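Predicted, not measured: the structure shown is a model, and the values here were computed from it. Just follow the structure's listing: the first ligand is 1, and inside any ligand the first atom is 1.
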Amino acid sequence: MAKIIDGKAVSAQVKESIAQETAQIKEKYGVTIGLAVVIVGNNPASRIYVNNKKKACEAVGFESFEYALPEETTQEELLTLIDKLNNDDKVNGILVQLPLPKHLDEKIVINNISPDKDVDAFHPVNVGKIMIGDYSFLPCTPAGVMELIASTGTEISGKECVVVGRSNIVGKPMSMLLLHKSGTVTICHSRTKDLAEQCRRADILVAAVGVPNLIKGDMIKEGAVVIDVGMNRLDNGKLCGDVEFETAEKVAGYITPVPGGVGPMTIAMLMKNTLTAAKTKLGI
Ligand code: GUN
């Protein structure tokens with residue numbers, strides 16, 4: 001039976017250490033650290049994520065500035081706000097919650113966030129830095145996954161790592177972080193010929209496709225570390241991951257639950273990036 005990786009506990013440790021460092025910075029430099037969160041429209045899932053981000057800011061001692069804009073906000077209005085936040089000394093990090101309403105161009109919006117305040121690490125400059133291993137900001141969800149793998153004491157170097165999913169937010173940067181730790185990385189996606197066979201080779205398996213219960217126990221190697229980034233809402237209202245937990249936990253060595261696995265880590269890493277932005281600005 002797999003050991004459960006407790007994302008809530010690991011994220012609480014990370015946030016505790018951020019809170020301590022934030023308090024020290026406040027005392028020594030007399031400054032507060034601020035995160036601006038921009039949400040456009042009424043997507044209910046986005047609303048929950050944004051509320052959780054605000055709560056995390058409070059928990060670590062950051063100021064949070066929320067900008068809840070109406071659905072009909074124009075591209076120009078949104079870019080004007082971003083420009084203002086780029087130039088606001090009290091704002092160390094800027095996060096524009098995705099997805100944006102269809103009439104807004106996400107690419108243009110992300111490109112207009114100052115790379116120094118891009119705590120999601122979505123700006124092409126930061127994405128490029130991730131590619132060459134010269135990180136300013138680590139992409140939040142993949143960085144959280146790396147912390148969870150580390151919490152199991154598993155060495156990545158030389159291991160077979162299989163990432164299922166090739167999104168810009170998770171799959172691609174996840175693969176880079178594992179590669180930089182000298183894992184042998186395979187990226188699988190919807191056109192992969194035999195997904196089960198690829199997954200069965202994995203010592204470390206990361207699922208990030210958004211397909212409920214895609215990965216079953218018989219696709220998992222005995223003793224593997226299984227990280228489930230999926231967060232899918234079923235018709236009955238329940239949340240489930242991309243991994244079928246009941247069958248997978250019988251085979252895996254370690255496994256993350258959904259919820260309570262990767263989710264809390266993503267937010268903790270966002271706090272870490274905001275702290276990094278503030279420290280870089282202070283030259284520490
Ligand atoms: N929407 C879903 N995940 C994320 C994320 O990590 N950052 C932002 N900005 N939007 C998201």
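Side chains of Lys129 and Ser136: a donor-acceptor N/O pair is present below 3.5 angstrom, by distance only. A side-chain donor from one of Thr32 and Glu63 sits under 3.5 Å from a side-chain acceptor of the other.
Under 4.0 angstrom from ligand 1, there are no non-hydrogen atoms of Tyr49. In Val96, the part holding a heavy atom less than 4.0 Å from any atom of ligand 1 is the backbone.
Each of Arg47, Lys53, Lys54 was compared with Asn51 under the side chain to side chain donor-acceptor pair (under 3.5 Å) criterion, and only Arg47 meets it. For the side chain to side chain contact (heavy atoms under 4.5 Å, CB included) with Glu249, the lone residue among Lys3, Met1, Glu244 that qualifies is Met1.
Other residues, nucleotides and ligands place more than 12 heavy atoms under 6.0 Å from the NZ atom of Lys281.
Counting heavy atoms only, Leu98 comes closest to atom 10 (N) of ligand 1 of the residues Val38, Leu98, Ile94.
Ligand 1 has a nitrogen or oxygen under 3.5 angstrom from a nitrogen or oxygen of Gln97. The shortest N or O to N or O distance between Asp120 and ligand 1 is below 3.5 Å.
Contact atoms of ligand 1 toward Leu95: 9 (N) (distance under 4.0 Å to a heavy atom of the residue).
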